[in-house]
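All values below were derived from every heavy atom in this structure, side-chain atoms included, with hydrogens, water molecules and symmetry-related copies excluded. Quick caveat: nothing in here was measured; it's all calculated off a predicted structure.
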Amino acid sequence: GWYIVIKHRQFQQRTFYTLYAHLEKPVTLKAGDRVKKSQQIGISGATGVIRPPGRNGAHLHFEVLYDTLFLSSTEALDPKAFFLNTGYNK
């Protein structure tokens, strides 16, 4: 499937990115485009694997990343905790 990465403004002297994966297709965006809050960036797809096995369907893989686009699973941020605890809300 398709994926989109959005680079956000600096927050607490770090660069944050959000990743949206398993998209059926992205809307017409190209590298460097600015997106607005609530703007549609893609359509959820059914690519990838959902747990438990055999329950595949349209879904979104969402990640919050900081300073790099490549993190190990031990460095991954919990998106809910990040947004609730940091005050990052824009």
Side-chain angles (χ1 to χ4, degrees):
W2 294 87
Y3 70 91
I4 293 174
V5 176
I6 296 176
K7 181 180 178 181
H8 297 267
R9 64 179 171 82
Q10 286 249 316
F11 179 72
Q12 297 178 346
Q13 288 144 12
R14 301 190 87 163
T15 301
F16 285 86
Y17 302 87
T18 49
L19 177 137
Y20 306 83
H22 302 296
L23 300 176
E24 179 179 316
K25 63 181 180 177
V27 294
T28 308
L29 293 173
K30 54 191 177 308
D33 282 353
R34 290 183 161 262
V35 294
K36 297 177 183 171
K37 187 176 184 178
S38 299
Q39 178 180 340
Q40 183 179 7
I41 59 171
I43 297 171
S44 293
T47 63
V49 177
I50 298 176
R51 303 285 187 253
R55 306 208 57 184
N56 290 359
H59 63 283
L60 177 69
H61 177 114
F62 173 74
E63 292 183 21
V64 175
L65 308 163
Y66 59 93
D67 295 335
T68 181
L69 294 177
F70 305 100
L71 295 176
S72 71
S73 59
T74 59
E75 298 173 302
L77 296 173
D78 174 350
K80 182 177 179 181
F82 171 79
F83 289 112
L84 288 174
N85 297 326
T86 64
Y88 185 93
N89 61 5
K90 295 185 180 186

For the student: nearest non-hydrogen atoms of Gln39 and Arg34, plus distance: OE1-O, 4.1 Å

Gap between atom [atom2] of [Y] and atom [atom1] of [X] - 0.5 Å precision:
X: Ile4; Y: Asp33; atom1: CD1; atom2: CG; result: 10.0 Å
X: Leu19; Y: Leu60; atom1: CG; atom2: CG; result: 8.5 Å
X: His8; Y: Thr18; atom1: NE2; atom2: OG1; result: 2.5 Å

Contacts of Gln40 that satisfy side-chain contact (heavy atoms from CB on, under 4.5 Å) - sequence neighbours left out: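 In terms of side-chain contact (heavy atoms from CB on, under 4.5 Å), with neighbours along the sequence ignored, Gln40 is linked to Val27, Ile43.
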
Partners meeting salt bridge (Lys or Arg N to Asp or Glu O under 4.0 Å) with Lys36 (sequence neighbours left out):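 In terms of salt bridge (Lys or Arg N to Asp or Glu O under 4.0 Å), with neighbours along the sequence ignored, Lys36 is linked to no residue.
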
Tyr20 and Phe62 aromatic centres sub-6.0 Å: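 Close enough - the centres of the two rings lie under 6.0 Å apart.
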
Partner residues of Ser44 under the side chain to side chain donor-acceptor pair (under 3.5 Å) criterion, sequence neighbours left out: none

